[in-house]
K.L.:
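This is the structure I have questions about; it appears just below.
Throughout, numbering of the chain's residues begins at 1 and tracks the sequence.
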Amino acid sequence: MPEARVIPLRPDDEQPHVPPPGDPGWDEQVAGGLEFLRRRLTGEYETDEFGFDPDLTDHVLLPLLRPLFSRWFRVETHGVENVPTTGGALVVANHSGTVPVDALMTTVALHDDHPAQRRFRLLGADLVFELPAVGSLARKFGATLACSEDAERLLCGDELVGVFPEGFKGIGKPFRERYTLQRFGRGGFVTAALRTGKPIVPCAIVGAEEIYPMIGNARTLARLLGLPYFPVTPTFPALGPLGLVPLPSKWLIAFGEPIETASYGPAAAEDPMLVFNLTDQVRETIQQSIYQLLLQRSSVFS
């Protein structure tokens with residue numbers, strides 16, 4: 001079995017990458033906002049075949065997420081240089097937090113902290129696209145269905161694709177199992193990478209587990225609503241809408257060295273043992289890197 005490689009972290013005395021200053025002034029922001037509104041009203045914007053809307057993402061969705069990223073969760077990004085500057089790649093990350101905020105924060109990290117400002121095309125579960133409003137926004141944000149066909153099309157189009165193999169088992173696990181990776185499914189993401197010859201970049205995320213500590217699951221209510229789980233946290237539903245505010249945990253996101261797949265050839269995607277071994281390698285790499293990040297973080301909230 002291939003040997004797992006731990007995601008390298010920066011030395012303790014080295015500051016994480018911070019994007020250069022240069023925020024536009026108020027006059028530029030107003031002018032940019034008016035120009036954005038003009039484009040929306042006249043239809044002078046484009047979407048791709050998956051529904052991705054770069055104009056809306058850059059001018060509305062990413063700006064809405066940045067305060068959470070920089071001020072609320074104070075996200076530190078490590079190893080961003082391991083993510084290819086150009087070409088397709090598959091970023092594989094752990095999943096947690098009751099609500100998939102980790103996918104959103106990773107999107108901001110790769111756009112704002114990567115020197116090439118890479119777009120992160122998320123693969124989401126069917127339920128995401130069945131929810132009113134949420135499904136449409138997810139499409140506009142660049143997400144698409146978590147299926148091999150869409151993943152391979154994006155990878156062949158030189159996109160940076162994101163997958164969270166734990167799925168609902170990861171984000172819906174109880175708080176007592178925090179930072180313990182769940183099963184990675186049958187390795188569909190490895191098959192997509194092998195067929196396209198694109199590298200796999202392991203990604204470890206620490207901080208998401210604490211934003212909505214799930215201490216219970218109202219299974220009957222979940223079944224009635226058609227949801228995989230209905231979370232009970234220390235603040236929700238006891239505090240009503242106030243309980244929806246995430247706790248301000250300290251986040252660390254680390255990207256590991258790419259695992260190349262091109263040398264295996266497309267036919268290797270049909271080898272179940274190789275797919276299993278690579279899946280296990282990626283999972284073990286992320287798990288060990290999570291342990292390293294937890295040791296590096298001084299406390300849950302700082």
Side-chain angles (χ1 to χ4, degrees), residues 1-8 50 79 82-84 87-96 100 102-103 106 110 118 120-129 142-173 177 179-205 228 253-292:
M1 185 179 71
E3 182 180 354
R5 289 174 288 181
V6 177
I7 297 176
F50 298 96
N82 290 318
V83 179
L90 188 66
V91 176
V92 182
N94 58 301
H95 213 13
S96 62
D102 49 6
T106 307
L110 286 166
R118 298 226 56 181
F120 195 40
R121 306 300 298 271
L122 297 165
L123 301 179
D126 294 359
L127 178 62
V128 173
F129 303 99
T144 189
L145 287 172
C147 63
S148 296
E149 293 79 7
D150 283 5
E152 291 171 24
R153 285 162 64 195
L154 286 168
L155 288 170
C156 289
D158 291 335
E159 298 282 1
L160 189 64
V161 180
V163 62
F164 296 79
E166 293 174 280
F168 290 121
K169 299 189 302 294
I171 58 174
K173 67 177 177 288
E177 297 178 13
Y179 298 119
T180 300
L181 293 185
Q182 306 298 297
R183 194 172 64 88
F184 266 25
R186 292 175 290 182
F189 68 92
V190 169
T191 300
L194 287 169
R195 284 177 178 160
T196 58
K198 303 300 183 182
I200 298 172
V201 181
C203 174
I205 304 170
I253 300 178
F255 299 95
E257 295 181 6
I259 300 171
E260 69 89 20
T261 64
S263 63
Y264 293 104
E270 309 306 321
D271 183 346
M273 185 56 66
L274 176 63
V275 171
F276 174 83
N277 287 341
L278 285 174
T279 301
D280 192 58
Q281 176 188 354
V282 174
R283 184 182 181 280
E284 183 62 23
T285 298
I286 295 172
Q287 183 68 83
Q288 294 302 318
S289 300
I290 287 173
Y291 294 150
Q292 282 198 1

K.L.:
With a 4.5 Å heavy-atom cut-off, do Pro228 and Lys169 have their side chains touching?
P.N.:
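The answer is no; the side chains never approach within 4.5 Å.
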K.L.:
Regarding Arg153 and Asp150, does a basic nitrogen lie under 4.0 Å from an acidic carboxylate oxygen?
P.N.:
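Asp150 and Arg153: salt-bridged.
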K.L.:
How long is the gap from NE2 on His95 to CG on Asp102, to the nearest 0.5 Å?
P.N.:
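Nearest 0.5 Å value for the NE2-CG distance: 5.0 Å.
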K.L.:
Drop me the distance from Leu154's CG to Arg121's CZ, to the nearest 0.5 angstrom.
P.N.:
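Spacing of CG (Leu154) from CZ (Arg121) equals 5.0 Å.
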K.L.:
Measure the shortest side-chain to side-chain distance between Pro202 and Ile259 over non-hydrogen atoms and say whether it is less than 4.5 angstrom.
P.N.:
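Yes, side chains in contact.
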K.L.:
Could you tell me which non-hydrogen atom of Ala269 sits nearest to which non-hydrogen atom of Val275, and how far apart they are?
P.N.:
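Taking every non-hydrogen atom into account, O-CG2, 3.8 Å.
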K.L.:
Identify, with sequence neighbours excluded, every residue that meets salt bridge (Lys or Arg N to Asp or Glu O under 4.0 Å) alongside Arg195.
P.N.:
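Residues passing salt bridge (Lys or Arg N to Asp or Glu O under 4.0 Å) with Arg195: Glu152, Glu270.
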K.L.:
Taking all atoms of both residues into account, what is the closest heavy-atom pair of Glu260 and Ala262, and its distance?
P.N.:
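Closest approach of Glu260 to Ala262, heavy atoms only: OE1-N, 3.2 Å.
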K.L.:
Out of curiosity, Leu123 CG to Thr144 OG1, how far, rounded to the nearest 0.5 Å?
P.N.:
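Here the interatomic distance stands at 7.0 Å.
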K.L.:
How close do Pro84 and Pro199 get, heavy atom to heavy atom, and via which atoms?
P.N.:
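Answer, listing the atom of Pro84 first, then Pro199: CG-CG, 4.3 Å.
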K.L.:
Just checking, any donor-acceptor pair under 3.5 angstrom between side chains of Gln288 and Gln292?
P.N.:
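No - no donor-acceptor pair under 3.5 Å links their side chains.
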K.L.:
Supply the atom-to-atom distance Phe189 CZ to Thr279 OG1, rounded to the nearest 0.5 angstrom.
P.N.:
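If we round to the nearest 0.5 Å, Phe189:CZ and Thr279:OG1 are 4.5 Å apart.
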K.L.:
Return the CG to OG1 distance between Asp271 and Thr191, rounded to the nearest 0.5 Å.
P.N.:
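Between atom CG of Asp271 and atom OG1 of Thr191 there are 10.0 Å.
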K.L.:
Quick one: do Leu110 and Phe255 satisfy side chain to side chain contact (heavy atoms under 4.5 Å, CB included)? Show the steps, please.
P.N.:
CA-CA 10 Å; Leu110 286 166; Phe255 299 95; 3.6 Å; yes
K.L.:
Does any N or O in the side chain of Gln287 come within less than 3.5 Å of the main-chain N or O of Leu181, such that one atom is a donor and the other an acceptor?
P.N.:
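A pair under 3.5 Å: yes.
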K.L.:
Determine the minimum heavy-atom distance between Ala93 and Ile205, stating which atoms define it.
P.N.:
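Answer, listing the atom of Ala93 first, then Ile205: CB-CD1, 4.0 Å.
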K.L.:
Checking Glu159 side chain against Val161 main chain: does a donor-acceptor pair fall under 3.5 Å?
P.N.:
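Such a contact is absent between Glu159 side chain and Val161 backbone.
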K.L.:
Measuring from Gln281:CD to Ile286:CD1, what's the distance to the nearest 0.5 Å?
P.N.:
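Rounded to the nearest 0.5 Å, the CD-CD1 separation comes out at 10.5 Å.
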K.L.:
Could you walk me through whether Phe184 and Val190 pass side chain to side chain contact (heavy atoms under 4.5 Å, CB included), step by step?
P.N.:
CA-CA 11 Å; Phe184 266 25; Val190 169; over 6 Å; no
K.L.:
Heavy atoms only: give me the nearest Leu155-Ala89 pair and the separation to one decimal.
P.N.:
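Closest approach of Leu155 to Ala89, heavy atoms only: CD2-O, 3.4 Å.
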K.L.:
Using only atom types and a distance under 3.5 Å, with no angle test, would you say the side chain of Arg283 pairs donor to acceptor with the backbone of Gln182?
P.N.:
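A pair under 3.5 Å: yes.
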K.L.:
Would you sort out whether Leu90 and Lys198 count as a side chain to side chain contact (heavy atoms under 4.5 Å, CB included), showing the intermediate values?
P.N.:
CA-CA 7 Å; Leu90 188 66; Lys198 303 300 183 182; 5.8 Å; no
K.L.:
Any idea which heavy atoms bring Gly197 and Thr261 closest together, and the distance?
P.N.:
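Shortest heavy-atom contact: C-OG1, 3.3 Å.
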K.L.:
Apply the test side chain to side chain contact (heavy atoms under 4.5 Å, CB included) to residues Ile171 and Phe164: give CA-CA distance (whole Å), side-chain angles for both, the deciding distance (0.1 Å), then the verdict.
P.N.:
CA-CA 10 Å; Ile171 58 174; Phe164 296 79; over 6 Å; no
K.L.:
The criterion is side-chain hydrogen bond (donor to acceptor under 3.5 Å, both in side chains); which residues satisfy it with Glu177, sequence neighbours excluded?
P.N.:
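Result, side-chain hydrogen bond (donor to acceptor under 3.5 Å, both in side chains) vs Glu177: none returned.
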